[in-house]
Amino acid sequence: MADKPAYYITTAISYPNGEPHIGHAYEYISADVMARFKRLDGYETFFLTGTDEHGQKMQQNAEAQGLTPYELATRNAEAFKKVDDEVLDISYDRFIRTTDPDHYEASQAIWRRMVEAGDIYLDKYAGWYSVRDEAFYTEGETEVREDGVRCAAETGTPVEWVEEESYFFRLSKYTQPLLDFYRDNPDYGGPRSRFNEVIRFVEAGLNDLSISRTTFDWGVPVPKDLTESETSLDHVMYVWVDALTNYLTGAGFPDTDSERFKKFWPADLHLIGKDISRFHCVFWPAFLMSAGLPLPKRVIIHGFLHNAGEKMSKSVGNVVAPEAWVETYGLDAVRFFLLREFPYGQDGSYTHDAVVSRKNSDLANNLGNLAQRSLSMIVKNCDGAIPQPGEYDDADRQILQQAESLLQISRDAYEVQEFHRALERTWYVLGEANAYFAEQAPWKLKNDDPERMRTVLYVTAEVIRKVALLIQPVMPGSATQLLDALGVPASGDAGATNASNTGPRSFAAYADQLAPGTSIAKPKPIFPRHEEPEEG
RNA sequence: CCGGGGUUAGCUCAGUUGGUCAGAGCAGAGGACUCAUAAUCCUUUGGUCGUGGGUUCAAGUCCCACACCCCGGACCA
């Protein structure tokens, strides 16, 4: 087999300091959909996700619960992994934990490279530090509350005066190189509006960055041989240094000569939330420049989900657990809703009614019912097998052509992570297919012109086949059922390493056609309408 | 305080360089059909395009001011 092109995609790694909510699910699902699309489209895809387990916050929480940091991290990491595996059907190839041994090795290796580049120096840091935010604030960014506690003005978290020896990264040196990089790679960050904000931040000039801590030890140690000549203190890396490096670890770093690294680095896409765009668009490329490593090709920044317009927060009590939604609406309806409803990159506001509306109108009515009515007619009127079509007329050719065009439209949309646009066009074609079916009225042709009826049913089923192929990334389970119902043979090795669905069909099958004579079973509804639970 | 984005039918939103741009989907109303998950198809009701000015033969579409919302950033200890 010829070598397939590689595609390396990552999510942000989660800080496992609580329960995963629907916002986490949004990120995992969108990355999963992107990864599945690329797999089906013939790429050798590597999809990395995981947890970010270091830092003072974890250490303190663990102590409070009488656990070691590693025990706490393990417990919480397993909760996140479980959501990926058992709730959302995320087809990741590796679930990385920043406590994994190879990650320590990678983090120390990139640190060493940055030292060799002359970009790390020892100095003293003094400032107001928020443990909760893992960030320093200038005096001006803090305020004293009525109870006398000094807090970060923006986040309201308590800060403490910290004066400590620290290693610094010469971020200031990379101000101009970064601006040059942005200019030469205008698609590095997306959507454009968010990328612009990052650029403006850099244009204001960058300060050097404190990248080590000595006041706690829950982190990747800075290699002792690099520090012993200048300090007797033990330094651990600032969490973001090791967190970002997880993307390299996943690619096999520091073994830069390995097949794996050569194949998958630089990453094709980092998919992240808008809260951490600066780390991925400023610090990360600067670290990589310093380390002499290629920069990732793109960072896509998604928005946040709001509950009926309100921010999700524990205190308001409107946090949605992924399990709850999946149980209420079904996994595929949830996946579809999240990607279809919101323009990717913008914040979105969800309501129960909005989810139900998508599930019923788009899935049950426009797609599910079209499949059901056409397949039922085939079973009843074509001897239970895909019929042999006759000559196509203009109407046939037109709807087939519209379905045909969806593959390229979807590729273009996925390339810039405009998932909503791909789905919108797909459902537009389904609307046309429903109109075609009603116009042709095969139930009338049954007696007048059976051959014409068979052609109409064949064309309709073929349109559904193409749509089903394309929506596999979004709704793997349902799409597979649909393709099974159409008697489409499974193809390729496009499956995810831990996918629970069976028989994905690669997009190579797009150029095929339904095989007349393939027997099909009496169809069962694949996309049920939403049923409200009984009151009380 | 500075910068960016937004404010278009009941709801969610499209609207390129100013001239069929007043649109789509959902919801609502009427009709058709019966193959189908009471689904589908056709027709249709809704808007002075945030407010007030201005430029222009012509402005959601450009300019100015104002109001409200969102996002960045600065400052305010």
Side-chain angles (χ1 to χ4, degrees), chain A residues 127-128 137-145 148 150-154 159 161 189 191-206 273-275 277-278 281-282 301 303-304 306 308-311 337 340-343 345-382 418 420-421 423-428 430-447 453-454 456-457 460-461 464 478 485 522-531:
Chain A
W128 295 103
Y137 291 96
T138 64
E139 186 127 338
E141 287 170 334
T142 67
E143 60 194 11
V144 179
R145 282 196 317 218
R150 181 175 291 271
C151 293
E154 194 173 324
V159 296
W161 183 256
R192 189 68 213 183
S193 56
R194 298 221 179 274
F195 190 31
N196 284 342
E197 283 174 355
V198 169
I199 294 172
R200 256 178 259 119
F201 172 77
V202 176
E203 282 172 346
L206 298 169
K274 63 181 187 177
D275 52 331
S277 59
R278 193 179 301 169
C281 295
V282 182
I301 304 162
F304 286 169
H306 292 188
E310 302 244 325
K311 274 186 184 170
F337 173 79
R340 171 63 186 87
E341 185 77 357
F342 313 119
Q346 294 180 25
D347 287 352
S349 178
Y350 57 80
T351 61
H352 169 73
D353 288 350
V355 184
V356 171
S357 176
R358 284 290 174 203
K359 182 177 173 182
N360 286 345
S361 295
D362 289 353
L363 297 183
N365 298 352
N366 290 321
L367 174 55
N369 184 56
L370 180 64
Q372 186 68 14
R373 65 199 302 210
S374 54
L375 290 176
S376 283
M377 284 203 72
I378 289 174
V379 168
K380 288 177 186 168
N381 303 297
C382 305
E418 292 183 357
H420 62 289
R421 197 157 60 80
L423 293 172
E424 180 184 23
R425 290 293 308 180
T426 302
W427 257 260
Y428 169 77
L430 283 172
E432 294 292 298
N434 269 309
Y436 164 84
F437 200 80
E439 172 74 20
Q440 300 296 325
W443 54 91
K444 284 182 182 162
L445 296 169
K446 185 163 55 176
N447 299 318
M453 175 200 73
R454 287 192 286 272
V456 169
L457 293 177
T460 303
I464 294 170
S478 306
K522 183 167 184 269
K524 294 189 189 108
I526 291 171
F527 297 96
R529 289 180 61 80
H530 186 71
E531 288 178 26

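In what follows, chains are A, B, ... by sequence order, proteins preceding strands, each numbered from 1.
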On a whole-Å scale, what distance lies between the [atom1] atoms belonging to [N] and [M]?
N	M	atom1	value
B:C49	B:G3	C1'	26 Å
B:C64	B:G25	P	36 Å
B:G28	B:G46	C1'	9 Å
B:A58	B:U8	P	26 Å
B:G6	B:C63	P	12 Å
B:A36	B:G23	P	38 Å
B:U45	B:U37	P	33 Å
B:G5	B:G15	P	15 Å

cation_pi(A:Lys274, A:Phe304) dist<6.0 Å, angle<=45: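 Yes, A:Lys274 and A:Phe304 form such a contact.
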
Atom [atom1] of [X] to atom [atom2] of [N]: distance rounded to whole Å?
X	N	atom1	atom2	result
A:Lys444	B:C33	NZ	P	7 Å
A:His420	B:A24	NE2	C1'	14 Å
A:Asp347	B:C71	CG	C1'	9 Å
A:Arg340	B:A24	CZ	P	15 Å
A:Tyr350	B:C11	OH	C1'	18 Å
A:Ile301	B:C71	CD1	P	15 Å
A:Glu203	B:G72	CD	P	18 Å
A:Glu418	B:A14	CD	C1'	13 Å

Torsion-based syn/anti label for B:G46, 90° from 0 as limit: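 Syn for B:G46; the angle stays within 90° of 0.
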
Chi-angle category of B:G60 [syn within 90° of 0, anti beyond]: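 B:G60: syn.
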
Secondary-structure string, 5' to 3', Watson-Crick or G-U under 3.5 Å, | for another-strand partners, for RNA chain B: (((((((..((((.........)))).(((((.......))))).....(((((.......))))))))))))....

Donor-acceptor pairs are to be reported for all side-chain atoms of residues 436-445 of chain A against protein atoms at under 3.5 Å, with residues two or more places apart or in another chain.
residue: A:Tyr436; atom: OH; partner: A:Asp396; partner atom: OD1; Å: 2.6
residue: A:Gln440; atom: OE1; partner: A:Arg452; partner atom: NH2; Å: 2.9

Contact letters for nucleotides 36-41 of chain B, in which S counts primed atoms plus P, OP1 and OP2 and B counts the base, heavy atoms under 4.0 Å: BB-SSS

Pairs involving residues 347-382 of chain A, ordered by first then second residue, that meet ring-ring contact (aromatic ring centres under 6.0 Å, His included) (sequence neighbours left out):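 Output for this query lists A:Trp325-A:Tyr350, A:Tyr329-A:His352, A:His352-A:His530.
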
Within the sub-3.5 Å range, which N or O atoms of nucleotides 4-9 of chain B have a protein N or O partner, and how far apart are they?
none

Side chain to side chain contact (heavy atoms under 4.5 Å, CB included), paired with A:Phe527, selected from A:Asn365, A:Leu363, A:Asp362: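 Testing each of A:Asn365, A:Leu363, A:Asp362 against A:Phe527, the sole residue satisfying side chain to side chain contact (heavy atoms under 4.5 Å, CB included) is A:Leu363.
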
Donor on one side chain, acceptor on other, A:Asn196 and A:Arg200, under 3.5 Å: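 The criterion, which ignores hydrogens and geometry beyond distance, is not satisfied for A:Arg200 and A:Asn196.
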
Donor-acceptor under 3.5 Å (A:Ser357 side chain, A:Asp353 main chain):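 Side chain of A:Ser357 to backbone of A:Asp353: no pair is present.
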
Pairs where residues 366-378 of chain A contributes a residue and the test side-chain hydrogen bond (donor to acceptor under 3.5 Å, both in side chains) is met, not counting sequence neighbours: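 Sorted pair list: A:Arg373-A:Asn434.
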
